[in-house]
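Notes follow the structure.
These numbers come from the heavy atoms of this one structure, side chains and all, not from hydrogens, waters or symmetry mates.
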Amino acid sequence: MTRAAWIASCLLILLAGSGRGIAATPDSVADLTGLADATVGISQLTADGVQCGLDLNQIGGAARQAVSDAGIALRDEALNRVTISAVSARVGPDQCATALLLGVYAKQSFFSAAAGWVQSGYVVLWQRSLMVATPIGQHAAAVLAGTRRLSDQLVADWRAKNLPPVTAAARQTQPGATQ
């Protein structure tokens with residue numbers, strides 16, 4: 001196995017974790033239904049990510065733009081969080097590999113019988129990831145394209161769960177509609 005393949009495998013294992021909560025099934029209770037607002041956060045870059053030319057502001061800006069353009073309100077005080085993480089590794093002198101993870105989380109409170117009081121934490125509503133491996137000079141653009149791809153997938157899944165309301169004008173133009 002080449003060093004690049006080994007590093008890519010390690011990054012994928014890191015993302016997979018124990019397999020719990022990585023990707024909710026379509027029938028899952030945790031989904032994007034009713035998501036109206038969120039705050040967007042970006043995890044810190046690794047030292048290798050900086051060496052690979054990644055820019056935290058550009059990555060976060062791409063995710064924020066997609067969320068905002070979809071109609072999800074961006075508010076700092078929102079209880080929902082959209083977080084993007086980019087874990088990078090240099091592969092030899094001229095290659096980079098980055099594992100991108102985009103997730104949506106909702107703050108929930110629950111009574112903990114073990115603790116004896118109400119606790120709060122974030123639950124996964126949606127998560128997806130992808131791997132980007134390129135020469136250093138192409139890496140920043142490829143990671144931004146990956147961020148947009150994950151963001152587009154989030155928006156498509158969000159729209160599927162949050163259909164726009166049917167307006168009176170739309171009802172009147174539908175075949176068979178009565179006035």
Side-chain angles (χ1 to χ4, degrees), residues 8-50 54-89 97-132 143-144 146-167 170:
S9 297
C10 289
L11 286 171
L12 289 174
I13 290 167
L14 174 71
L15 280 177
S18 66
R20 293 180 55 202
I22 293 298
T25 61
D27 301 5
S28 174
V29 175
D31 65 34
L32 300 170
T33 303
L35 180 73
D37 64 355
T39 182
V40 176
I42 307 97
S43 297
Q44 291 297 317
L45 292 175
T46 61
D48 283 352
V50 174
L54 302 186
D55 182 324
L56 208 57
N57 292 327
Q58 288 181 343
I59 294 168
R64 277 188 192 90
Q65 188 70 46
V67 170
S68 176
D69 287 353
I72 300 171
L74 298 179
R75 299 183 319 139
D76 289 339
E77 67 277 2
L79 296 179
N80 302 304
R81 300 185 63 82
V82 174
T83 302
I84 184 135
S85 301
V87 180
S88 301
T98 297
L100 282 170
L101 173 70
L102 182 65
V104 181
Y105 312 90
K107 189 169 188 177
Q108 298 291 315
S109 296
F110 58 94
F111 179 78
S112 169
W117 61 77
V118 174
Q119 295 184 323
S120 295
Y122 285 91
V123 296
V124 176
L125 299 180
W126 185 95
Q127 275 187 340
R128 301 294 184 275
S129 62
L130 60 84
M131 184 73 158
V132 177
V143 168
L144 283 176
T147 300
R148 289 185 188 102
R149 182 174 159 199
L150 288 173
S151 298
D152 290 347
Q153 188 176 4
L154 164 63
V155 167
D157 290 351
W158 177 78
R159 285 189 174 132
K161 293 289 185 176
N162 296 282
L163 299 173
V166 177
T167 63

Taking all atoms of both residues into account, what is the closest heavy-atom pair of [X] and [Y], and its distance?
{"X": "A97", "Y": "M131", "value": "CB-CE, 4.0 Å"}
{"X": "W126", "Y": "D157", "value": "NE1-OD2, 2.7 Å"}
{"X": "A86", "Y": "T98", "value": "CB-CG2, 3.8 Å"}
{"X": "A66", "Y": "V155", "value": "O-CG2, 3.6 Å"}
{"X": "Q127", "Y": "G103", "value": "CG-CA, 3.8 Å"}

Is there a donor-acceptor pair under 3.5 Å between the side chain of [X] and the backbone N or O of [Y]?
{"X": "N162", "Y": "L32", "result": "yes"}
{"X": "N80", "Y": "A106", "result": "no"}
{"X": "S151", "Y": "T147", "result": "yes"}
{"X": "T46", "Y": "S88", "result": "yes"}

> Can you list the steps and then say if R149 with L100 is a side-chain contact (heavy atoms from CB on, under 4.5 Å)?
Replying inline: CA-CA 10 Å; R149 182 174 159 199; L100 282 170; over 6 Å; no
Gap separating the [atom1] atom of [X] from the [atom2] atom of [Y], nearest 0.5 angstrom:
{"X": "Q65", "Y": "L74", "atom1": "CD", "atom2": "CG", "value": "9.0 Å"}
{"X": "T39", "Y": "Y105", "atom1": "OG1", "atom2": "OH", "value": "13.5 Å"}
{"X": "S43", "Y": "L56", "atom1": "OG", "atom2": "CG", "value": "8.5 Å"}
{"X": "W158", "Y": "I72", "atom1": "CH2", "atom2": "CD1", "value": "5.0 Å"}
{"X": "R64", "Y": "I42", "atom1": "CZ", "atom2": "CD1", "value": "4.0 Å"}
{"X": "T33", "Y": "L163", "atom1": "OG1", "atom2": "CG", "value": "9.0 Å"}

>> According to side-chain hydrogen bond (donor to acceptor under 3.5 Å, both in side chains), who are the partners of Q44, at least two apart in sequence or on a separate chain?
In response: none
Under 3.5 Å, sequence neighbours excluded: what are the donor-acceptor pairs made by side chains of residues 112-121?
unit_1 : atom_1 : unit_2 : atom_2 : d
S112   : OG     : A115   : N      : 3.1
S120   : OG     : S109   : OG     : 2.6

> Should I59 and L144 be marked as a side-chain contact (heavy atoms from CB on, under 4.5 Å) after you check the CA-CA gap, both sets of side-chain angles, and the distance that decides it?
Replying inline: CA-CA 6 Å; I59 294 168; L144 283 176; 4.2 Å; yes
